There are 2 protein chains.
Amino acid sequence: MVEAGHKPRRAPTEREILDAALGLLDTGGRPAASIRRIAAAVGVAPTTVYTFFPDRTAVECALIERLLGAVRIGGGGSWREAVEAIALDLRQRLVAHPGVVPLLLSGPLDGPHAQRIADCLLELLGASGLDPRSAARASYALMVFVLGAIALETFDAPRAMIGRAGPDRYLWGLRRMLDGVEAEAKLH
Amino acid sequence: MVEAGHKPRRAPTEREILDAALGLLDTGGRPAASIRRIAAAVGVAPTTVYTFFPDRTAVECALIERLLGAVRIGGGGSWREAVEAIALDLRQRLVAHPGVVPLLLSGPLDGPHAQRIADCLLELLGASGLDPRSAARASYALMVFVLGAIALETFDAPRAMIGRAGPDRYLWGLRRMLDGVEAEAKLH
DNA sequence: ACCTGAACACCGTTCAAGT
DNA sequence: ACCTGAACACCGTTCAAGT
């Protein structure tokens with residue numbers, strides 16, 4: 001009962017907007033996360049969202065960046081162990097929000113946190129003994145596998161949460177890829 | 001000058017509708033391929049499309065199936081050569097239509113032609129010496145890599161056709177994966 | 001059967017106006 | 001600065017009606 005004025009419903013944070021977007025994405029997938037519904041969830045007029053983000057894709061990119069920012073990188077152990085750890089963490093965080101995954105694969109994926117992960121992967125593969133050119137190819141191949149696997153695992157489970165198959169086949173494929181990369185590194 | 005009646009603009013074929021959808025997808029990406037624009041391109045009322053397809057996703061699925069149906073499978077040579085040939089053909093056909101790729105990764109991918117390719121892959125990997133369980137994992141891993149690579153290669157190039165990088169790094173990653181799979185097969 | 005226009009319930013985004 | 005309602009140009013989809 002702060003006041004009776006019904007116009008300024010209280011200034012929303014950028015964080016509140018992203019929280020609302022993530023919630024809608026989780027429950028109803030991409031079509032549910034419209035600017036209008038996000039605004040309604042925050043309790044604000046649709047146009048207010050444009051005070052914080054230039055357009056809808058900017059909201060989606062910011063959300064992706066926030067999720068990628070939470071990924072832990074750079075743990076100890078061998079380069080293989082470190083790569084596996086990143087891949088598992090990435091999978092776990094994205095599978096928890098299946099509605100976000102389609103955005104990830106149809107967007108530019110060029111934010112600072114995406115870069116941070118790509119750079120880390122490249123550095124780890126450089127430490128494997130591969131020449132820089134092959135290390136770049138290997139880090140690209142790993143990113144492809146990780147994102148592809150997450151996409152295939154979640155693409156029709158945004159609501160059913162069927163994807164409880166566990167990371168078994170994910171890890172199997174990842175390790176075959178790493179086997180191939182390691183064998184290539186040992187050739188030189 | 002067949003007639004002056006302006007209502008029945010001539011019955012469109014299912015094929016004509018898919019052609020129009022593909023054209024719009026190629027030039028303007030997913031948002032350009034709306035039911036209304038497809039209908040306009042064919043020269044028909046929007047509602048007429050619903051005579052042939054129950055909804056928009058059905059149009060998209062049919063288009064994906066048509067593209068996958070053109071993929072050649074089952075050439076001669078070793079299982080590795082056959083897998084590589086399928087992967088290259090799949091890439092070539094999808095990269096030629098970048099606008100279709102996002103649909104592919106956010107749809108069910110359960111049509112008969114998608115099944116045909118998956119079955120062929122599974123059979124080839126069974127011939128590699130892997131036990132059935134590992135062959136299934138390997139065919140899943142390969143599908144993941146192929147679709148993920150195509151997605152990453154095309155996701156921001158639906159209009160610029162930048163993706164002339166060629167299949168080099170695609171083939172490199174594919175071969176590392178096959179190296180790992182082959183090594184696993186030889187263990188048993 | 002096949003195709004139509006009108007209508008419904010939505011979109012993203014812009015803009016002039018209010019505080 | 002920040003937030004608003006009204007408006008514009010779209011969507012997918014349904015439906016009663018025409019041939």
Side-chain angles (χ1 to χ4, degrees), chain A residues 2-25 27-64 99 102-103 106-108 158-159, chain B residues 2-25 27-64 99 102-103 106-108 158-159:
Chain A
V2 185
E3 213 206 327
H6 66 298
K7 298 299 182 53
R9 188 79 184 197
R10 218 174 108 252
T13 330
E14 192 174 302
R15 202 181 169 286
E16 279 181 274
I17 293 174
L18 293 182
D19 285 342
L22 184 57
L24 290 164
L25 233 18
T27 58
R30 193 169 199 270
S34 66
I35 295 279
R36 289 173 123 104
R37 294 217 230 198
I38 292 169
V42 176
V44 96
T47 48
T48 303
V49 177
Y50 290 90
T51 307
F52 299 87
F53 301 97
D55 53 27
R56 184 186 175 163
T57 68
V59 179
E60 297 174 344
C61 287
L63 194 52
I64 288 170
L103 310 180
S106 57
R159 61 224 218 70
Chain B
V2 186
E3 213 208 325
H6 66 300
K7 301 297 182 54
R9 189 80 184 197
R10 218 176 106 252
T13 330
E14 192 174 302
R15 201 180 169 287
E16 278 182 275
I17 293 175
L18 293 182
D19 284 342
L22 184 57
L24 290 164
L25 232 19
T27 58
R30 192 169 199 269
S34 66
I35 294 279
R36 290 174 122 105
R37 293 217 230 196
I38 293 169
V42 176
V44 96
T47 48
T48 303
V49 176
Y50 290 90
T51 307
F52 299 87
F53 300 97
D55 54 26
R56 183 187 176 162
T57 66
V59 179
E60 297 174 343
C61 287
L63 194 52
I64 288 170
L103 310 180
S106 57
R159 59 225 218 73

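Residue numbers start from 1 in every chain, and the chains themselves are labelled A, B, ... in the order their sequence lines are given, proteins ahead of strands. Please read all numbers here as calculations on a predicted model, not as lab measurements.
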Take the protein atom CD of A:E14 and the nucleotide atom P of D:dA1, then report the distance between them rounded to whole Å.
18 Å
If you only use heavy atoms from C-beta on, which nucleotide in D:dA6, C:dC2, D:dG12 is closest to the side chain of A:T47?
D:dA6
Would you write out the dot-bracket form of DNA chain C, 5' to 3', with Watson-Crick and G-U pairs under 3.5 Å, [ ] for crossing pairs, | for pairs to other strands and . for unpaired bases?
||.|||||...|||||.||
Under 3.5 Å donor-acceptor, B:R37 side chain and B:A20 backbone:
no
Expressed in angstrom and rounded to an integer, what is the separation of A:F52 atom CZ from C:dT13 atom C1'?
17 Å
Among C:dT14, D:dC2, D:dT14, the one nearest B:Y50 by side-chain distance
D:dT14
Taking all heavy atoms of B:V49 and all of B:V59, pick out the closest pair and write down the distance.
CG1-CG2, 4.4 Å
If we only count heavy atoms from C-beta on, is the A:F53 to A:I35 side-chain gap below 4.5 Å?
no
Between A:E16 (CD) and D:dC2 (P), how many Å, whole number?
14 Å
Considering non-hydrogen atoms only, spot the tightest contact between A:P12 and A:V42 and give its length.
CB-CG1, 3.5 Å
Please report the shortest heavy-atom distance between B:L25 and B:L103, naming the atom on each side.
CD2-CD1, 3.7 Å
In whole angstrom, what separates B:R30's CZ from C:dG12's P?
14 Å
What does A:F53 touch in the nucleic acid at a heavy-atom separation under 4.0 angstrom: a base, only the sugar-phosphate, or nothing?
nothing
Within the 4.0 Å heavy-atom criterion, would you say B:R56 contacts the bases, only the backbone, or no part of the nucleic acid?
sugar-phosphate
Please work out if B:S34 contacts a base, only the sugar-phosphate, or nothing of the nucleic acid, heavy-atom cut-off 4.0 Å.
sugar-phosphate
How close or far is atom P of C:dC3 from atom CD1 of B:I35, stated in whole angstroms?
15 Å
Would you tell me if any nitrogen or oxygen in the side chain of A:R36 comes within less than 4.0 Å of OP1 or OP2 on C:dA9?
no
Can you check the A:L24 CG to C:dG12 P distance for me, whole Å?
11 Å
Please figure out whether A:A33 or B:A45 has its closest DNA chain C nucleotide nearer the 5' end.
B:A45
Return the value, rounded to whole Å, for the distance between atom CZ of B:R37 and atom C1' of D:dG12.
14 Å
Provide, to the nearest angstrom, the distance between the CD1 atom belonging to B:I38 and the C1' atom belonging to D:dC10.
15 Å
Under the side-chain contact (heavy atoms from CB on, under 4.5 Å) test against A:L18, which residue among A:T13, A:L63, A:I38 passes?
A:L63
Give the minimum heavy-atom separation between A:A39 and A:P46, together with the two atoms involved.
CB-CA, 3.5 Å
